[in-house]
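Right, one structure below, let's go through it.
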Amino acid sequence: QVQLVESGGGLVQPGGSLRLSCVVSGTILHIYDMGWYRQAPGNQRELVATVSIGGSTNYADSVAGRFTISRDNAKNMVYLQMNSLKPEDTAVYYCNAKKVLHIGRPPYDYWGQGTQVTVSS
């Protein structure tokens, strides 16, 4: 019902910048929170940033002040602007959308295929 496709990943030197994009298609009704998660080899998937339908944002401490999440509801897209990148930011970044089917119950999570971000000199 919902498909997410990420793009914008690549290789960048420490201190550089990248902007990730995610386009959402399908049935977008009742999708509220969206976000970006990342997973490095040998690590668990971790939250990077989230943005609600109203625009409220949350960031992991490790990226706060460097990353900015935003969304364009008219275009069904969510973005992650990444500045001052560090080697520890290297990971596969996944776009996430949460669809609330029943109020008061956990939302259903949709995931993109992931895009690789490598920060290395």
task: Check the pair Q116, T90 against side-chain contact (heavy atoms from CB on, under 4.5 Å), reporting the backbone distance first and the verdict last.
output: CA-CA 8 Å; Q116 177 70 47; T90 297; 4.0 Å; yes
Output a table of donor-acceptor pairs, distance under 3.5 Å, between side-chain atoms of residues 45-55 and any protein atom two or more places apart or on a different chain; print 'none' if there are none.
unit_1: E46; atom_1: OE2; unit_2: R38; atom_2: NE; d: 2.8
unit_1: E46; atom_1: OE2; unit_2: R38; atom_2: NH2; d: 3.4
unit_1: S52; atom_1: OG; unit_2: G54; atom_2: N; d: 3.3
unit_1: S52; atom_1: OG; unit_2: G55; atom_2: N; d: 3.3
unit_1: S52; atom_1: OG; unit_2: S56; atom_2: N; d: 3.1

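- At most 12 non-hydrogen atoms from other residues, nucleotides or ligands lie less than 6.0 angstrom from CD of Q1.
- Ring geometry for F67 against Y93 counts as tilted: the plane angle lies between 30° and 60°, on a 0 to 90° scale.
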Under 3.5 Å, which donor-acceptor pairs do the side chains of residues 4-33 form with other protein atoms, sequence neighbours left out?
unit_1: E6; atom_1: OE1; unit_2: Q113; atom_2: N; d: 2.9
unit_1: E6; atom_1: OE1; unit_2: Q113; atom_2: NE2; d: 3.4
unit_1: E6; atom_1: OE1; unit_2: G114; atom_2: N; d: 2.9
unit_1: E6; atom_1: OE2; unit_2: C95; atom_2: N; d: 2.7
unit_1: E6; atom_1: OE2; unit_2: G114; atom_2: N; d: 3.2
unit_1: S17; atom_1: OG; unit_2: N83; atom_2: OD1; d: 2.9
unit_1: S25; atom_1: OG; unit_2: Q3; atom_2: OE1; d: 3.3

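- No continuous path of ILVMFWY side-chain contacts below 4.5 Å connects I69 to Y79, so the two sit in separate hydrophobic clusters.
- Sorted by first and then second residue, the salt bridge (Lys or Arg N to Asp or Glu O under 4.0 Å) pairs with a member in residues 67-76 form an empty list; sequence neighbours excluded.
- Evaluation of the salt bridge (charged side-chain N to carboxylate O under 4.0 Å, His left out) rule for K98 yields D109 as partners, not counting sequence neighbours.
- Contacts classified as disulfide bond (SG atoms under 2.5 Å apart) and involving residues 52-91 (residues at least two apart or in different chains) are not found.
- Looking at residues two or more places apart in sequence or on another chain, you find a side chain to side chain contact (heavy atoms under 4.5 Å, CB included) between A64 and Y59.
- When hydrophobic clusters are built by joining Ile, Leu, Val, Met, Phe, Trp and Tyr residues whose side-chain heavy atoms come closer than 4.5 Å, directly or via intermediates, Y37 is not grouped with L85.
- V92 and V78 sit in two unconnected hydrophobic clusters of ILVMFWY residues. Membership requires side-chain heavy atoms under 4.5 Å apart, directly or through other members.
- Once rounded to the nearest 0.5 Å, the distance linking OH of Y94 with CH2 of W111 reads 9.0 Å.
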- request: Could you walk me through whether V117 and M82 pass the side-chain contact (heavy atoms from CB on, under 4.5 Å) test, one step at a time?
  value: CA-CA 10 Å; V117 172; M82 304 185 294; 3.8 Å; yes
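- Between S84 and R66 there is a side-chain heavy-atom pair separated by less than 4.5 Å.
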